Amino acid sequence: RLPRRGRALLAAALALIIGGALGNVIDRAIYGYVIDFLHVHHEVLAWAFEGGYFPAFNVADSAISVGVVVLLWCTWREPAA
């Protein structure tokens with residue numbers, strides 16, 4: 001259990017990571033693969049990327065990535081005990 005005081009950001013980061021992981025697990029269990037939310041083809045971003053391809057991602061992957069960044073930030077700003 002997390003202490004209540006000053007841990008809301010840490011709790012939000014853990015919730016994003018766990019929620020994103022569960023979303024991917026549910027997709028795998030139901031469909032057999034993770035459903036991509038956004039897939040941008042080379043015609044749209046050819047000017048921005050050398051290969052003209054931007055990787056596909058989904059909301060769950062985004063939640064995991066944001067959660068990890070926030071978790072690392074919380075860990076970095078936590079004073080050494």
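Numbering starts at 1 and runs along the sequence shown. Every value quoted in this text rests on a predicted model; they were computed, and no experiment measured them.
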Checklist entry - Shortest non-hydrogen contact from A60 to G20? => result CB-O, 3.3 Å
Next on the checklist: Can you list everything that forms a side-chain contact (heavy atoms from CB on, under 4.5 Å) with V66? Sequence neighbours excluded, please.
Outcome noted: L16, V70
Checklist entry - Roughly how far, to the nearest 0.5 Å, is CZ of R77 from CG of L72? => result 13.5 Å
Checklist entry - Are Y31 and V25 linked, directly or through other ILVMFWY residues, by side chains that come within less than 4.5 angstrom of each other? => result no
Checklist entry - What distance separates L9 CG from L14 CG, expressed to the nearest 0.5 Å? => result 10.0 Å
Next on the checklist: Please enumerate all residues that pass side-chain contact (heavy atoms from CB on, under 4.5 Å) together with V69, with sequence neighbours excluded.
Outcome noted: none
Checklist entry - Of all heavy-atom pairs between N24 and I64, which one has the smallest distance, and what is that distance? => result ND2-CD1, 3.9 Å
Checklist entry - How far apart are the closest heavy atoms of G67 and A13, and which atoms are they? => result O-CB, 3.5 Å
Checklist entry - Honestly curious: do I18 and V68 fall in one hydrophobic cluster under the side-chain, below-4.5 Å linking rule? => result no
